[in-house]
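Each remark here refers to the structure printed beneath this line.
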Amino acid sequence: MALFPIHSNFERDFVVQLVPVDTEDTMDQVAEKCAHHSINRRVKPQADKVLRVRHHENGTIFPRGMKVSEAGLRPTETLDIIFMDN
């Protein structure tokens, strides 16, 4: 377990945020930690959608259960947090 900083580019938000996550967090947990800084602040919640994590540079959508330590990310890399249909 180690603190790991990422940049959150949350869908429909105009602010890119530096968010601390843990190397053992799943991508669902990463999305929730990022949502904390955007949902109900500058972004409306979408109850009928699920949050997913996408690599900003190559567009890869990470599996929801994948851990940060398994994703091959570099510290402060930008991740897109997007709404998707269930």
Side-chain angles (χ1 to χ4, degrees):
M1 298 178 112
L3 201 57
F4 193 86
I6 57 105
H7 280 103
S8 168
N9 182 31
F10 205 93
E11 184 176 2
R12 299 193 178 122
D13 197 347
F14 62 91
V15 178
V16 175
Q17 306 235 27
L18 183 64
V19 177
V21 298
D22 192 278
T23 54
E24 293 303 304
D25 284 346
T26 65
M27 291 300 158
D28 274 357
Q29 290 170 311
V30 169
E32 287 302 316
K33 288 181 178 183
C34 294
H36 172 76
H37 299 283
S38 296
I39 297 285
N40 290 320
R41 296 173 193 263
R42 292 170 302 280
V43 178
K44 290 182 180 181
Q46 295 188 29
D48 60 330
K49 306 278 184 175
V50 65
L51 291 174
R52 296 295 304 269
V53 179
R54 179 177 64 197
H55 193 277
H56 184 72
E57 290 181 20
N58 65 24
T60 301
I61 297 176
F62 295 106
R64 295 175 63 189
M66 177 182 273
K67 292 183 179 181
V68 171
S69 61
E70 301 167 340
L73 299 171
R74 298 178 313 269
T76 70
E77 197 157 3
T78 302
L79 299 177
D80 300 326
I81 312 302
I82 60 174
F83 293 103
M84 292 187 73
D85 291 324
N86 287 329

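Asn58 places a side-chain N or O within 3.5 Å of a backbone atom of Thr60 that can act as its donor or acceptor partner.
When all heavy atoms are compared, the tightest approach of Ala71 to Met27 is CB-CE, 3.6 Å. Between Arg54 and Gly59, the closest heavy-atom pair is CG-O, 3.5 Å. Nearest approach of Gln17 to His37, heavy atoms of both residues: NE2-O, 3.3 Å. In terms of heavy atoms, Val30 sits closest to Val68 at CG2-CG2, 3.5 Å.
Annotation: the span from Leu3 atom CG to Asp22 atom CG amounts to 7.0 Å, rounded to 0.5 Å. Here Glu24 contributes atom CD and Phe4 contributes atom CZ; the two are 12.0 Å apart, rounded to the nearest 0.5 Å.
When each of Arg64, Lys33, Lys67 is tested with Asp25 by the rule salt bridge (Lys or Arg N to Asp or Glu O under 4.0 Å), just one qualifies, namely Lys33. Checking each of Val19, Val53, Asp13 against Cys34 for a side-chain contact (heavy atoms from CB on, under 4.5 Å) leaves exactly one that passes, namely Val19.
Pairs passing the ring-ring contact (aromatic ring centres under 6.0 Å, His included) check and including a residue from residues 55-83, sequence neighbours excluded, read Phe10-Phe83.
In this structure, Val21 is a member of the same hydrophobic cluster as Ile39, with clusters built from ILVMFWY side-chain heavy atoms closer than 4.5 Å. Side-chain heavy atoms closer than 4.5 Å link hydrophobic residues (I, L, V, M, F, W, Y) into clusters, and following such links, possibly through other members, connects Leu51 to Met66.
The side-chain heavy atoms of Ile61 and Ile82, taken from C-beta on, include a pair separated by under 4.5 Å.
With sequence neighbours left out, the side-chain hydrogen bond (donor to acceptor under 3.5 Å, both in side chains) criterion links Arg41 to no other residue.
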